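These numbers come from a predicted model, not from an experiment. In what follows, chains are A, B, ... by sequence order, proteins preceding strands, each numbered from 1. Computed over heavy atoms, backbone and side chain alike; hydrogens, waters and symmetry mates excluded.
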Amino acid sequence: MAALIGKSWADEVDEDDTPAHDEGAAAAEDDDGPPPGFETPKLAGTASARSNSSNSTAAAAAAAAADAVAAELAGVKVSQEPSLDDPDLSIKSQQLVEAEDDGGPGEVKTVTQGDSFYTSAKSFEELGLSQELLQGLYTEMKFERPSRIQAQTLPMILTPPYRSLIAQAHNGSGKTTCFTLGMLARVDPKLQATQALCVCPTRELVVQNQMVLERMGKFTGISCMSTASADYATTRRTRITDQVVIGTHGKLRDWMQKRVLDVRNVAILVFDEADEMLKQDGFADDTVRMIKQLRTANPAIQILLFSATFNERVKRFATKILPDANQVFVPKEELSLDVIKQYRVNCPSGADKVKVLKDMIFPLCEKLGQTIIFVRTRDTARSLHEVMAADGHKCTSIRGGGGESGMDKTARDNVVKEFRDGTTKILIATDVLSRGFDVTQVTLVINFDVPVERDFRTPAFETYLHRIGRSGRFGRKGAAFNLVTGETERRVIDEIATYFKHDIPEVPYDDEERFVDVLRKAGLTDG
DNA sequence: AAAAAAT
């Protein structure tokens, strides 16, 4: 089945129809009027209490807090101990319908709200877009027709009454185009105020999404500002008038507090990598606060949540926050792309992992397009880079900013730029790049450390899927090697294989012929 | 015991 789904959307799209898949955001601007205050949501209040209590109590408290916040946002009354099965919390008007039969398998679950009925878009013309926007799609983006997720969600996004949407689609299937187009289409080019806002988890995604939005909107005259592109000195004091604003949480909140960013005209709010943005130990507090604030300014605001992954917990949270949203979900067994061949390499020791890189991966890299090597910590990113460089292997590395071991913004920008240029072929990265980063030439992903949660033993299923999804962009070939040392890593990979119902066969760590063979079979090399 | 993100 996974094979069918992977093939279906890939087959639908022409080879050169390569939707760079990113997002943009919109910024708006306005004058006075007290911006809605930044009340601390209940969730934030319980966060500190949580850390003092036992684990199980903490989890229960966190879950209850999350429910309370969600219910409040949804305008739903909830009892002291909300049950997820409480019929009062269920969405009454929703209908479960099979996905439109647009040539793909009907495994995608779509839920539409109220009386709304949407017809899958066979072409961009059907969407009522401006000539300028169509020109951007065809001339600049070189798109021919909507991919499956685009055909399915664009009508939902662009048809009044502009309902909110929670949408899941495979890595590299063109999600960025969905929400970028959504933002551009909903902006009034004549109104010089921020009308669309897009929030992303990393600086790199902000930059990428801005690039895509500016290309797609090239002929519309719509202006875009991002927290990465902003002239720091200027935006501190000058009110933003750009129609689209894209950014990360911290700086956006800063701008709103300083009233540099006026949200009163924002009609559409997008969260890229939405499940990450709603993670309880991550951005959930910030995201909830942001939604609350923008809803105060505009109760009818359209909110879009896009991601390749939504685990059950986040899915529940998301549907509670946006109870009236249309929904598009993909079963997790269908999510692991078959175009990406996945292997494990059992390495007796950590030193053997380095040996595999030196003996197998780096020597073959010229034939392989580009490679990203994922590691767990910033320190590993730095030291592995040093070790490889000391041995004469050319590569670069990137990790997040801030703190003692953080990397400078300018340096990060440069590393990404060189990698996009193709100047560098191999990039060592932390999970700062695990999501959304779109470089078509990436065909190989190495998990130098297998992805685990903070406890070091629970598999990080979503992270795994996002990491390997950096290859195989839009139906292209891809392969992933998991370097495995020790019982824990072995079990983690086993569990990941089971979870996604996808085999991860072994390749002997010292068998060069097998490596070459496997890469050839994956379609990465000719010889 | 991590990564990401504001100053």
Quick note, ring-ring contact (aromatic ring centres under 6.0 Å, His included) partners involving residues 396-454 of chain A, not counting sequence neighbours, are none
Regarding Arg376(A), tell me which of base, sugar-phosphate or nothing describes its non-hydrogen contacts under 4.0 Å with the strands shown. sugar-phosphate
- Classify the side-chain pair Thr377(A)/Thr380(A) by whether it contains a donor and acceptor separated by less than 3.5 Å. yes
Met277(A) atom CE is separated from dA4(B) atom C1', nearest whole Å, by 9 Å
*Does the ring centre of Phe271(A) sit less than 6.0 Å away from the ring centre of Phe306(A)?*
no
Check: Under 3.5 Å, is there a donor-acceptor pair between the side chain of Glu204(A) and the main chain of Val432(A)?
Finding: no
Closest to the side chain of Thr202(A), out of dA3(B), dA5(B), dA6(B), is dA5(B)
Here the distance between atom P of dA3(B) and atom CZ of Arg382(A), to the nearest Å, is 11 Å
Counting distance alone, no hydrogens or angles: does the base of dA2(B) have a donor or acceptor under 3.5 Å from a partner atom on the side chain of Asp281(A)? yes
Does the ring of Phe283(A) meet both stacking tests against the six-membered base ring of dA4(B): centre distance under 5.5 Å and plane angle under 30°?
no
Counting only distance, no hydrogens or angles, is the base of dA1(B) paired donor-acceptor with the side chain of Arg454(A) under 3.5 Å? no
Looking at Arg412(A), does any N or O in its side chain come under 4.0 Å of the phosphate oxygens OP1/OP2 on dA5(B)?
yes
- Query: If you look at every strand shown and take non-hydrogen atoms under 4.0 Å, does Gly400(A) touch a base, only sugar-phosphate, or nothing?
  - Reply: sugar-phosphate
Between CG of Leu433(A) and P of dA2(B) the distance, given in whole Å, is 20 Å
To the nearest angstrom, the CG-P distance between Asp286(A) and dT7(B) comes to 13 Å
Between NZ of Lys258(A) and C1' of dT7(B) the distance, given in whole Å, is 8 Å
Rounded to whole Å, CG of Asp285(A) lies from P of dA4(B) at a distance of 19 Å
The salt bridge (Lys or Arg N to Asp or Glu O under 4.0 Å) partners of Asp503(A) (sequence neighbours excluded) come to none
Checking dA3(B), dA5(B), dT7(B) against the side chain of Lys409(A) (C-beta onward), the nearest is dT7(B)
**Request:** Considering just the side-chain nitrogens and oxygens of Lys251(A), establish if one lies under 4.0 Å of OP1 or OP2 belonging to dT7(B).
**Result:** yes
Quick one: is Thr248(A) getting a side-chain N or O under 4.0 Å of the dA6(B) phosphate, OP1 or OP2?
yes
Glu276(A) CD to dA2(B) C1', in whole Å, measures 12 Å
Practice prompt. Remember a base hit wins even if backbone is also touched, and classify Arg399(A) as base, sugar-phosphate or nothing at under 4.0 Å, heavy atoms.
Written response: sugar-phosphate
Rounded to whole Å, CZ of Arg253(A) lies from C1' of dA4(B) at a distance of 14 Å
